[in-house]
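Below, chain A is the first sequence line, B the second, and so on; all start at residue 1.
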Amino acid sequence: MTDVPSLRAALLDWYDAHARSLPWRAPPGATTKTAPYRVWLSEVMLQQTTVPHAAPYFERFTTRWPTVADLAAVEDAELMAAWAGLGYYARARNLLACARAVTAEYGGVFPQTETELLALPGVGAYTAAAVAAIAFDQPANVVDGNVERVMSRLFALETPLPAARPELRRLAALFVYDDRPGDWAQALMDLGSGVCRPRSPLCDQCPLAFGCEGLKTGTPERYPLKTKKAERPHRRGHAYVLTDGSGRVALVRRPDKGLLGGMAGLPTSDWSAAPEFTPPVDAGWSAAGSVEHVFTHFSLTLEVHVAEGGGDDFLWTPAEEAAKALPTVFRKALERGLAAA
DNA sequence: GAGACGTGGGG
DNA sequence: TCCCCAAGTCT
């Protein structure tokens, strides 16, 4: 059977020697844990997001807003602009809601139980467990994509994702002890990210190789098995770059729900197989070419149109500021339009 | 359970 | 070029 204590000891020893140094991380064995605010903020930023992409955002956020109370006081539009480019914008809306909840309901002090954390906006099973383990050193079962991959290989689990999730959680829980729970969680994620990698695992460097069933099969990279996902459809749309002749561009605020919800955007048509050309104002519109963008569940070709004009229904924003506040798809379209104008 | 929800990097 | 993916959450 699986020698859980030996595997645990091997990975913690490995972590003591190989832990990555990250802006939000306390060194292995540190008695002073990272402040819960920083753990929470980093965990939200890291959801489906790589460390190199999230790190500069983390530095900017913590410099600008050193405490959760500082963050709670920020205007919605300012927060959304600061998040622009990071993606999954519901995270930003929930981040603000969570900061305000912690400030209003807990006096600016993060709750320490997994149950209370889980009730906060944008905090799901993974993040609640991660904050409990990393910030408060509680024996929480922290299961993310890395942990799922490590467990599926360690046990050569033949059940494909996502059906395997409950079983993978159960396996991960076998290793959760009262001893160094925060380090354990981070060790597992570092291993998954640096050694037990998705495509080409470095099994000759793996501290768990001695007990890995996946390695014994000869093809550990086959795990975790996954069920095929649906093909990505393609849509088209028009984007309108309206300028006022003095360097400002017309933006709109998108509805809170749905794609790019709560973000600033360019005026656009519907996005569909055959979008209608319905510019926001009558003006001398001219074509400026197109830009391509790929979202998680569809790809998009945006025909960019430019004109000079006015109107009261817009957020007239200096082009440079607009580029920074816009999600990437609109930043591309704006650049295209400005280059053609 | 399945689909919505971004982006940039790597093989 | 294309496809996969990265520390998920919500509905």
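- The base of C:dG8 does not come close enough to the side chain of A:Thr49 for any donor and acceptor atom to sit less than 3.5 Å apart.
- With rounding to whole Å, A:Glu114 atom CD is found 11 Å from C:dT9 atom P.
- Side-chain N/O atoms of A:Thr50 include none lying less than 4.0 angstrom from OP1 or OP2 on B:dT7.
- Side-chain N/O atoms of A:Tyr89 include one lying less than 4.0 angstrom from OP1 or OP2 on B:dT7.
- Of the side-chain N and O atoms in A:His53, none sit less than 4.0 angstrom from OP1 or OP2 of B:dT7.
- Residue A:Val329 is in sugar-phosphate contact alone, with no base atom involved, counting any heavy-atom pair closer than 4.0 Å across all strands shown.
- Both A:Arg93 and A:Ser200 lie close to DNA chain B; mapped to their nearest nucleotides by heavy-atom distance, the more 5′-ward contact belongs to A:Arg93.
- Residue-level contact check: A:Trp83 touches neither bases nor backbone, having no heavy atom under 4.0 Å from any strand.
- Taking atom CD of residue A:Glu221 and atom C1' of nucleotide C:dC5, one finds them 16 Å apart after rounding to whole Å.
- The residue A:Thr127 sits close only to the backbone: its heavy atoms come under 4.0 Å of sugar-phosphate atoms, none of a base.
- For the pair A:Arg8 and A:Tyr177, the cation sits on the ring face: its NZ or CZ lies under 6.0 Å from the ring centre, inside 45° of the axis.
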Pair A:Leu302-A:His238, side chain to side chain contact (heavy atoms under 4.5 Å, CB included): steps then yes or no: CA-CA 5 Å; A:Leu302 229 32; A:His238 301 284; over 6 Å; no
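- For A:His293, a side-chain nitrogen or oxygen approaches OP1 or OP2 of B:dT7 to under 4.0 Å.
- In this structure, A:Phe175 and A:Trp184 have parallel ring planes: the angle between them is below the 30° cut-off, well short of the 60° mark.
- At C:dA6, none of the side-chain N or O atoms of A:Gln48 fall inside 4.0 Å of OP1 or OP2 (strictly under the cut-off).
- At least one side-chain nitrogen or oxygen of A:Lys229 sits closer than 4.0 Å to the OP1 or OP2 atom of C:dC5.
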Residue pair A:Phe277, A:His305: steps toward the side chain to side chain contact (heavy atoms under 4.5 Å, CB included) verdict: CA-CA 10 Å; A:Phe277 179 71; A:His305 308 270; 3.5 Å; yes
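- At a threshold of 4.0 angstrom between heavy atoms, the contacts of A:Gly258 are confined to the sugar-phosphate backbone, with no base atom among them.
- Annotation: B:dC5 and C:dA6 have their P atoms spaced 23 Å apart (nearest Å).
- Distance A:His297 NE2 to C:dC5 C1': 17 Å, rounded to the nearest Å.
- Protein atom CZ of A:Arg254 is 14 Å distant from nucleotide atom C1' of B:dA4, rounded to whole Å.
- For A:Pro327, the side-chain atoms get nearest to B:dT7 when compared with the rest of B:dT7, C:dA6, B:dG6.
- Not one side-chain nitrogen or oxygen of A:Arg199 sits closer than 4.0 Å to the OP1 or OP2 atom of C:dC3.
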Test side chain to side chain contact (heavy atoms under 4.5 Å, CB included) on A:Leu120 and A:Asn94; report intermediate values, then the result. CA-CA 9 Å; A:Leu120 264 8; A:Asn94 287 329; over 6 Å; no
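- Contact between the side-chain N/O atoms of A:Thr328 and the OP1/OP2 oxygens of B:dG8 is found at a separation under 4.0 Å.
- If you measure from atom CG of A:Leu86 to atom C1' of C:dG8, you get 14 Å, rounded to the nearest angstrom.
- Among A:Leu11, A:Val195, A:Leu171, A:Leu188, the single residue meeting the side-chain contact (heavy atoms from CB on, under 4.5 Å) criterion with A:Val150 is A:Leu188.
- Distance noted for atom P between B:dG8 and C:dT9: 22 Å (whole Å).
- A:Leu260 comes within 4.0 angstrom of sugar-phosphate atoms only, judged by non-hydrogen atoms across all strands, and of no base.
- Within the 4.0 angstrom heavy-atom criterion, no nucleotide atom of any strand lies near A:Lys257.
- A:Gly85 comes within contact range of the sugar-phosphate backbone alone, with a heavy-atom separation under 4.0 Å but no base atom that close.
- When the shell of 6.0 Å around CG of A:Asp204 is examined, it contains more than 12 heavy atoms from other residues, nucleotides or ligands.
- Relative to the side chain of A:Pro162, the nucleotides B:dT7, B:dA2, B:dG6 differ in distance, and B:dA2 lies closest.
- Residue A:Arg149 has no polar side-chain atom (N or O) positioned under 4.0 Å from OP1 or OP2 of C:dC4.
- As judged by a 4.0 angstrom heavy-atom cut-off over every strand, A:Arg331 is placed among residues touching the sugar-phosphate backbone only.
- Between the side chains of A:Glu292 and A:Thr301, a donor-acceptor pair is found at a separation under 3.5 Å.
- When heavy atoms are screened at a 4.0 angstrom cut-off, A:Ala54 is found touching no nucleic acid atom at all.
- Judged by closest nucleotide on DNA chain C, A:Asp190 is the one of A:Leu118 and A:Asp190 placed further toward the 5' end.
- Mapping A:Ala163 and A:Phe295 onto DNA chain B by nearest heavy atom places A:Ala163 at the nucleotide closer to the 5' end.
- The distance from atom CZ of A:Arg20 to atom P of C:dA6 is 12 Å, rounded to the nearest whole Å.
- Between A:Val123 and A:Leu22, it is A:Leu22 whose nearest contact on DNA chain C lies nearer the 5' terminus.
- Distance A:Arg165 CZ to C:dG8 P: 10 Å, rounded to the nearest Å.
- At whole-Å resolution of the value, CG in A:Leu161 and P in C:dC5 are 10 Å apart.
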